[in-house]
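Just below is one structure, and these are the notes that go with it.
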2 protein chains.
Amino acid sequence: MKQANTFRETKQRNAIHTILDEAKRPLSPQEMLALADVHVPGIGIATIYRNIKIMVEQGVLSSVDIPGEPSRFILPQHRKTHLFLDKESGVAMMFDLDLPGIKRRLPRGMKAQDVTLFCTGTLQAPPKKKKAKG
Amino acid sequence: MKQANTFRETKQRNAIHTILDEAKRPLSPQEMLALADVHVPGIGIATIYRNIKIMVEQGVLSSVDIPGEPSRFILPQHRKTHLFLDKESGVAMMFDLDLPGIKRRLPRGMKAQDVTLFCTGTLQAPPKKKKAKG
DNA sequence: CAAAGCATGATATTTCTTTAACAAAATTAA
DNA sequence: TTAATTTTGTTAAAGAAATATCATGCTTTG
């Protein structure tokens, strides 16, 4: 019998979702490939792109554009307003920060819909979290 | 006698500089082609890219990266800190705006070298300037 | 104004990111 | 477990931006 078009659960698809959930930051397709490869050795770049496309259409993934860089992707629940990019490592992070009345402070004629900070510099490694009973 | 490697003055090169000087905003190579073509009909895209490269090396031009867009270029004397992009028209503008102590307000671990606002929305046409005796 | 050599325009090529094609493998429903 | 259908990995190919090539045209210098 012919089935309706439905999505299947695969190791690869689960791995892609897992690494995005754990990263909590925007990942490039290449970063996703490297991280997913730990869970599913041999996973191919086409699988990454294929699932990015599908997940974005489903609304499970959201894209993040960065100046002069390929797009990154993040789970919507991890998305924040502003961006920080460590240009050495290519690691991108998002963060929130209130900029009160920022839209009203723009020059005449600039009616902004979105306003985000884009910062570049160096990311210091956060102190290791102590595990309970660790 | 063999000449030292020197730069020559051409219609094309002058036109490229002129349009950048008049625009006072970041232009994409395609925008530059269209605008320069008014001054020098038939100018080719290769000439645009060639001169962009040369002028950037000379420090006469400075590049401006925009998320999800090809690079724009601006004369250094027109460069400002922040960016506004009209996504409809593709027109980019720069502006200054003080964000006091912004670097100190970033989350722990983010040591920023550069902090710029990136705004998208709609650009309203500025009111026409009246010329003296106009 | 003539020779030397840089610049131009048209086009081919490169580079990088993303998508397509397809046989084989994996998943699902019965 | 079987049969149907989706997914995967490999590899080719598409798209877009930027660069290289090269015959011809311009600038410059003497």
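In what follows, chains are A, B, ... by sequence order, proteins preceding strands, each numbered from 1. In this text the structure is predicted, and so the values were computed from the model without any measurement.
Interatomic distance, A/Asp114 CG to B/Leu117 CG, rounded to the nearest 0.5 Å: 12.0 Å. Here CE of B/Met110 is found 12.5 Å from OG1 of A/Thr120. Values are rounded to the nearest 0.5 Å. In this structure, the separation between CE on A/Met94 and NE2 on A/His78 is 12.5 Å, given to the nearest 0.5 Å.
Among the nucleotides C/dA4, C/dT17, D/dT6, the one closest to any side-chain atom of B/Arg8 is C/dA4. Closest approach to the A/Glu9 side chain among D/dA17, C/dA4, C/dT28 is made by C/dT28 (side chain taken as heavy atoms from C-beta onward). The side chain of B/Thr10 lies closest to C/dA7 when the candidates are C/dG9, C/dA7, C/dT18.
Closest approach of A/Val60 and A/Pro76 over heavy atoms only: O-CD, 3.1 Å. Taking every heavy atom of both residues into account, B/Arg105 and B/Pro100 meet most closely at CD-O, 4.4 Å. Scanning both residues, A/Lys103 and A/Val115, for their nearest heavy atoms gives CG-CG2, 3.9 Å.
Applying the 4.0 Å criterion to OP1 and OP2 of D/dA17, one finds that B/Lys53 has every side-chain N and O outside that range. Dashed line: the shortest gap from a side-chain N or O of B/Lys11 to OP1 or OP2 of D/dT27 is under 4.0 Å. The shortest distance between the side-chain N/O atoms of B/Tyr49 and the OP1/OP2 oxygens of D/dT19 is not below 4.0 Å. Put simply, A/Gln30 has no side-chain N or O that comes within less than 4.0 Å of OP1 or OP2 on C/dC16.
Residue contacts shown for B/Arg50 include a base, since a base heavy atom lies under 4.0 Å away.
In this view, A/Arg50 satisfies the salt bridge (charged side-chain N to carboxylate O under 4.0 Å, His left out) rule with no residue, not counting sequence neighbours.
Proximity of residues 36-48 of chain B to DNA chain C (heavy atom under 4.0 angstrom from any strand atom) is restricted to B/Gly42, B/Ile43, B/Gly44, B/Ala46, B/Thr47.
Per the geometry, CD belonging to A/Gln12 stands 5 Å off P belonging to D/dT8, to the nearest Å. The separation between A/Asn51 atom CG and D/dT6 atom C1' is 12 Å, rounded to whole Å. With rounding to whole Å, B/Asp65 atom CG is found 13 Å from D/dA17 atom C1'. The interatomic distance linking A/Phe73 (CZ) with C/dT17 (P) rounds to 12 Å, in whole Å. Atom CD of A/Glu69 is separated from atom P of C/dT18 by 11 Å (rounded to the nearest Å). Straight-line distance from the CG atom of B/Asn14 to the P atom of C/dA7: 13 Å, rounded to whole Å. B/Met32 has its CE atom 12 Å from the P atom of C/dT8, to the nearest Å. When rounded to the nearest whole Å, the span between CG of A/Leu33 and C1' of C/dT17 equals 14 Å.
For A/Glu9, the CD atom sits in a loose shell: 12 or fewer heavy atoms of surrounding residues, nucleotides or ligands are nearer than 6.0 Å.
In this structure, the side chain of B/Arg72 engages the main chain of B/Pro70 through a donor-acceptor pair within 3.5 Å. Judged by distance alone, the side chain of B/Asp86 and the main-chain N or O of B/Thr122 form no donor-acceptor pair under 3.5 Å.
Axis angle, first five pairs versus last five pairs of the helix from C/dC1-D/dG30 to C/dA30-D/dT1: 40°, rounded to 10°.
Side-chain N/O atoms of A/Arg13 and base N/O atoms of D/dT7 include no donor-acceptor pair closer than 3.5 Å.
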